[in-house]
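Have a look at the structure below before the remarks.
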There are 2 protein chains.
Amino acid sequence: MLKISKKADYALMALQHIAAVQFGDVTPGRVVNTKEIAEEYNIPLELLAKVLQTLAKNALIESHNGPKGGYALARRAHQITIAQILESIEGPLGITDCSHEKDGEFCMQRENCHIRTPLLKIQDSIAQLLNNMTLQDMMGGTPLITIQSPAAQGVER
Amino acid sequence: MLKISKKADYALMALQHIAAVQFGDVTPGRVVNTKEIAEEYNIPLELLAKVLQTLAKNALIESHNGPKGGYALARRAHQITIAQILESIEGPLGITDCSHEKDGEFCMQRENCHIRTPLLKIQDSIAQLLNNMTLQDMMGGTPLITIQSPAAQGVER
DNA sequence: CTTTATCCGACCTTATTGATCGGAGATCAT
DNA sequence: ATGATCTCCGATCAATAAGGTCGGATAAAG
């Protein structure tokens, strides 16, 4: 339950990668193209392309057209929140269907609904969580499995 | 994004209702049957039935068979967490696909994945949130719109 | 033993997600 | 300028999950 989509996953990986390339890790300042990311993480190229286009449209990254082109962060990593990334791909946060009902719209259950208010509180808490965490906070991480040595079997976790 | 399913919604409404009936609000101690809940909240009867069966199977409520039968809470409202309810319907909490990978299972991206650890932290925070909130905390709520008077148009919220 | 209600599993329909394809437009190197 | 490369954009398709339905089996109250 409460799973985020693969697209959102890909978006996070891509942004993490771009941020890593731009600041220090590898050839700083370089722009990153779609294919490089797709190959690095085994993501379907065309699907990743769409994800990156969406992120560009939402001004999280900037696209540079033509050969030697690619993507770069639109602002620094600590100014990009996880909430912004996820909402950019999956739309606004909404625990329940009636989260964003405009005035006059009601779901079929609204009339007697006693659970809307507490659910909105939960939603607010999650929103706060995702807004307080930035791309920067995801950086500096080491890969989870560095080398899959056969001898290491059973020592997992 | 991060929306819970309608079934989960229905489960919360139903449990809230059963709890309200059992403790004080209306004819205390009475069991509640499916049809009563379905009509009260405009929920499709058969679908709600399935939801309640699932909740019974997961020992959140007890089913009483036969005429005058129905459902009752298996324990008191403050001992039923929101997490238990949601997981009962939607399966275990998992922000990402790789949340519950057993040893030896890896998603295609795992090899270079830098985002798994931070995502699991977010997941833990949400789990904590949902585990610390109980059905009891959802009680005592007043309906959001008591009577939809035509004169009240525009005074919404 | 009939009525009422839960129980259980199979089924269908629709919406969302994941993934693919084909071309248009921009940019750089030559 | 011209071609190669790359982003951009829309349409499309398949797989999966969600929402909802149906029919019969089972158990208890009257």
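Order of the sequence lines sets the chain letters (A, B, ...), proteins ahead of strands, with each chain counted from 1.
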Separation of dG22(C) atom C1' from K50(A) atom NZ, nearest Å, is 13 Å
Rounded to whole Å, NE2 of H64(A) lies from C1' of dT27(C) at a distance of 12 Å
*asked:* Counting only heavy atoms from other residues, nucleotides and ligands, does the tally under 6.0 Å from CD of Q79(B) exceed 12?
replied: yes
Taken to the nearest whole Å, CD1/I37(A) to P/dC6(D) is 14 Å
Of the candidates dT6(C), dT3(C), dT17(C), the side chain of N33(B) sits closest to dT6(C)
L47(B) CG to dC22(D) P, in whole Å, measures 13 Å
Checking dA5(C), dG18(C), dG20(D) against the side chain of K7(A) (C-beta onward), the nearest is dG18(C)
From NZ of K68(B) across to C1' of dT3(C) the rounded distance in Å is 12 Å
Assert: residue with more 5' nearest nucleotide on DNA chain C, out of E90(A) and E62(B), is E62(B)
*Does the side chain of Y10(A) get closer than 4.0 angstrom to OP1 or OP2 of dA19(C) through an N or O atom?*
yes
Assign each of Q53(A) and P44(B) the nucleotide of DNA chain D bearing its closest heavy atom; nearer the 5' end lies the nucleotide of Q53(A)
Is the shortest side-chain N/O distance from S5(B) to OP1 or OP2 of dA17(D) below 4.0 Å?
-> no
Atom CG of L48(B) and atom P of dA18(D) are separated, to the nearest Å, by 18 Å
When rounded to whole Å, the NZ to P distance for the pair K3(B) and dA17(D) reads 17 Å
Winner on side-chain proximity to N65(A), out of dT4(C), dT27(C), dA11(D), is dT27(C)
Whole-Å distance, L55(A) CG to dC9(D) C1', equals 16 Å
- Task: Report yes or no: does Q22(B) contribute a side-chain atom to a donor-acceptor pair with the main-chain N or O of A72(B) at less than 3.5 Å?
- Result: no
All heavy atoms of T81(B) vs all of N131(B), minimum pair found to be CG2-O, 3.4 Å
Under a 4.5 Å cut-off applied to non-hydrogen side-chain atoms, are Q16(A) and L12(A) in contact?
no
(message) Does R75(A), at its CZ atom, have more than 12 non-hydrogen atoms belonging to other residues, nucleotides or ligands within less than 6.0 Å?
(response) yes
Which of dC22(D), dA4(D), dT20(C) is nearest the side chain of E46(A)? It is dT20(C)
Answer with base, sugar-phosphate or nothing: what part of the nucleic acid does K35(B) contact at a heavy-atom distance below 4.0 Å? nothing
Side-chain contact check for T34(A): nearest option of dT7(D), dA5(C), dT27(C) is dT7(D)
